[in-house]
J.: 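Here it is: the structure, laid out below.
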Amino acid sequence: MAAEFSVDEARERLVELLDRAESGEEIVITRFGAPSVWLQPARPRSGGGFAAGVIAAAWVAPAAGDAFDVGTDYWPDSSSSG
């Protein structure tokens with residue numbers, strides 16, 4: 001049997017309910033005492049491999065002997081025009 005929560009309870013405990021649903025528990029949110037929404041994990045997106053929101057990243061190493069401060073120094077990729 002699914003665990004049921006009213007809209008007000010779900011609003012207060014949303015993160016907990018998301019965690020529980022992601023772990024496989026059936027969670028139903030009720031509205032006016034009747035089931036309204038069933039929480040379930042989303043299906044993984046196909047084709048990608050990167051985490052959501054990450055498009056790509058590149059690193060250009062400094063020339064031998066040059067100091068590099070990750071917080072302040074950035075070198076453009078010499079292979080790109082512009």
Side-chain angles (χ1 to χ4, degrees):
M1 179 161 201
E4 292 187 3
F5 298 88
S6 70
V7 171
D8 290 333
E9 291 172 315
R11 185 181 300 121
E12 292 174 9
R13 300 170 64 180
L14 182 59
V15 173
E16 173 196 345
L17 298 181
L18 291 174
D19 289 341
R20 289 171 63 174
E22 287 172 347
S23 69
E25 185 175 348
E26 290 185 13
I27 304 292
V28 173
I29 299 175
T30 62
R31 183 181 287 199
F32 306 113
S36 177
V37 176
W38 172 39
L39 296 181
Q40 64 183 14
R43 284 175 270 161
R45 294 182 185 197
S46 62
F50 287 108
V54 176
I55 296 171
W59 175 262
V60 178
D66 287 346
F68 183 79
D69 180 348
V70 174
T72 60
D73 295 334
Y74 302 93
W75 281 282
D77 184 351
S78 60
S79 65
S80 63
S81 61

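Numbers here simply count residues along the sequence, with the first being 1.
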J.: Could you work out, with side-chain hydrogen bond (donor to acceptor under 3.5 Å, both in side chains) as the rule, every residue matching E9, not counting sequence neighbours?
T.: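 Here the qualifying residues are S6.
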J.: Which donor-acceptor pairs under 3.5 Å do the side chains of residues 29-38 make with protein atoms, sequence neighbours left out?
T.:
from: T30; atom 1: OG1; to: F5; atom 2: O; distance (Å): 3.4

J.: Which side-chain N or O atoms in residues 14-23 pair as donor and acceptor under 3.5 Å with protein atoms at least two apart or in another chain?
T.:
from: E16; atom 1: OE1; to: R13; atom 2: NE; distance (Å): 2.9
from: E16; atom 1: OE1; to: R13; atom 2: NH2; distance (Å): 3.3
from: E16; atom 1: OE2; to: R13; atom 2: NH2; distance (Å): 2.8
from: E16; atom 1: OE2; to: R20; atom 2: NH1; distance (Å): 3.0
from: R20; atom 1: NE; to: E25; atom 2: OE1; distance (Å): 2.9
from: R20; atom 1: NE; to: E25; atom 2: OE2; distance (Å): 3.4
from: R20; atom 1: NH2; to: E25; atom 2: OE2; distance (Å): 2.6
from: S23; atom 1: OG; to: D19; atom 2: O; distance (Å): 3.4
from: S23; atom 1: OG; to: R20; atom 2: O; distance (Å): 2.8

